[in-house]
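A quick note: this is a predicted structure, and the numbers were derived from the prediction, not measured.
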Amino acid sequence: MSTNRKTILYALLGLVLIAQGGDYLYRRYVETPRQSRATRIDDLVKDIGKKTNDLKRARNAAEELTVWEKQSLPSDPEAARSSYRAWLLGLVEGAKFRSPNVDSGPAVDHKGMFQSLSFSVRGQATLAELTRFLYEFYNGDHLHQIRSLAITPVRNRGVLELSIAIEALLLPTAQNKDGLSTGKSDRLAFAGLGDYRGIVQRDLFGVGGGFDPVSQTVLTGITATNGQPEAWFDLRADDKIVKLKKGQSLDVGQFQGTVVEIDESEVVLESDGERWLLSIGEKLDDAFALPPEF
């Protein structure tokens, strides 16, 4: 082999070694660190995203906790039991339950995070009266829930035998120390009790709609006494006639309203902020809801 040929081969071999060495050095000192930095950046971005989500959840939890602190029963179990039981008794009496009983159990501690109180409500009521109770219950802005509701129709009496289990919570940081929240909940889909009248009209438990005094109240006539129009209501469930002038109240079963207008053949009643139009010969539960701008 000639000297020139050997020189060329050595030169080529040197170039190959230099190229391999350069590639090694490039991968070790340039490519590998760059990939490591990219991986580290990706990890940091993911970590930042996770911490951002954790922070967002923590903020949401803090906001929810603030709401729960407002809704919580007083942190003292005895104060909580007394005030909430009195509130339930008020609902039962307002709904006109028959033979009502409201009882409570001992406070249960949940790992020091909160306490719970159980309450039971028993009694008899019509479907309309139960509807009013549930409406008022879910309007209460308290940290509570109905755990179970047992309903047994008593057909020969036209009422429902009720057994309701309720749970209410006490937070150690409750804002209300001596009483309950006076706020109004937004749990209900509709604002007025009248919007739930369809529940009563369906007679879901087959005890007969005729037992509801509202459905047995009829506007029978309109007369004038001393120049003032007067609406006559036949309360057939009580077998009596009620004569009302403008501004006087009509209290029948679950309906509590005021006569605000009397026409030749119609009256307008206002109840729970809503206005209802009733014509002569119609039952009270047939009243037509007037729009707010009417």
Side-chain angles (χ1 to χ4, degrees), residues 57-125 128-151 162-196 249 251 253-258 271-274:
R57 284 195 293 269
R59 287 174 177 170
N60 292 338
E63 292 175 359
E64 289 181 346
L65 180 59
T66 300
V67 174
W68 295 341
E69 288 173 340
K70 293 179 181 179
Q71 297 174 328
S72 170
L73 274 59
S75 55
D76 178 67
E78 292 308 314
R81 179 183 290 104
S82 175
S83 56
Y84 190 78
R85 184 174 183 275
W87 182 76
L88 284 178
L89 283 169
L91 295 192
V92 167
E93 292 172 0
K96 300 180 180 179
F97 278 22
R98 297 150 186 78
S99 304
N101 178 267
V102 178
D103 203 359
S104 64
V108 178
D109 184 73
H110 297 263
K111 298 181 179 179
M113 298 178 64
F114 63 91
Q115 296 183 75
S116 62
L117 281 171
S118 59
F119 294 84
S120 64
V121 175
R122 293 183 176 84
Q124 293 182 343
E129 291 163 349
L130 172 59
T131 301
R132 174 176 282 275
F133 173 85
L134 294 175
Y135 173 79
E136 297 296 345
F137 179 90
Y138 285 110
N139 258 326
D141 195 26
H142 310 309
L143 207 56
H144 64 173
Q145 65 175 334
I146 292 178
R147 300 300 301 269
S148 67
L149 170 58
I151 301 175
L162 304 173
S163 179
I164 308 172
I166 298 168
E167 182 182 54
L169 302 185
L170 300 64
L171 298 183
T173 53
Q175 293 188 11
N176 304 297
K177 303 302 181 184
D178 301 317
L180 303 180
S181 166
T182 57
K184 188 174 181 179
S185 171
D186 58 357
R187 295 183 181 96
L188 293 171
F190 303 105
L193 178 60
D195 295 314
Y196 298 92
S249 299
D251 188 353
Q254 297 302 304
F255 181 86
Q256 296 176 334
T258 303
S271 175
D272 293 327
E274 298 176 306

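Using a 4.5 Å heavy-atom threshold, the side chains of Ile166 and Phe137 count as touching. Leu188 places none of its side-chain heavy atoms less than 4.5 Å from the side chain of Asp195. Put simply, the side chain of Ser75 does not reach to within 4.5 Å of the side chain of Asn176, judged on heavy atoms. Side-chain atoms of Asp141 and Lys184, non-hydrogen and from C-beta on, never get closer than 4.5 Å to each other. Side chains of His110 and Ser116 form a contact here, defined as non-hydrogen atoms less than 4.5 Å apart. Counting only heavy atoms from C-beta outward, the side chains of Leu134 and Tyr196 never approach each other to under 4.5 Å.
Taking both residues in full, the closest heavy atoms of Lys177 and Pro74 are given as O-CB, 3.3 Å, listed atom of the first, atom of the second, then distance. The heavy-atom pair separating Ser83 from Gly179 by the smallest distance is CB-CA, 4.4 Å. Between Glu274 and Gly192, the closest heavy-atom pair is OE1-CA, 4.2 Å.
Between His144 and Tyr84, the distance separating the two ring centers is shorter than 6.0 angstrom.
Between Glu93 atom CD and Leu91 atom CG the span is 9.5 Å, to the nearest 0.5 Å. Expressed to the nearest 0.5 Å, how far CD of Glu78 lies from CG of Leu117 amounts to 8.5 Å. Glu136 CD to Leu88 CG: the interatomic distance, rounded to the nearest 0.5 Å, is 12.5 Å. Rounding to the nearest 0.5 Å gives a distance of 13.5 Å between CD1 of Ile164 and CZ of Phe119. Note that CG of Leu169 is 10.0 Å distant from CD of Gln71, once rounded to the nearest 0.5 Å. Taking CG from Leu193 and OG from Ser271, the interatomic distance works out to 7.5 Å, rounded to the nearest 0.5 Å.
Applying the side-chain contact (heavy atoms from CB on, under 4.5 Å) test between Ser181 and each of Glu69, Gln175, Lys70, His142 identifies His142 as the sole match. Among Leu89, Val92, Asp103, the single residue meeting the side-chain contact (heavy atoms from CB on, under 4.5 Å) criterion with Val121 is Val92.
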*Under the side chain to side chain contact (heavy atoms under 4.5 Å, CB included) criterion, do Phe133 and Leu162 qualify, and how do the steps go?*
CA-CA 11 Å; Phe133 173 85; Leu162 304 173; over 6 Å; no

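Panel note: side chain Asp109, backbone Gly112; a donor-acceptor pair is recorded below 3.5 Å. Between the side chain of Arg122 and the backbone N or O of Ser99, no donor-acceptor pair lies under 3.5 Å.
Here Glu129 does not pair with Lys96 in a salt bridge; the nearest charged N to carboxylate O distance is not below 4.0 Å.
Side-chain contact check for Ser104 and Arg81: at least one donor-acceptor pair (N or O, by modelled atom type) lies under 3.5 Å.
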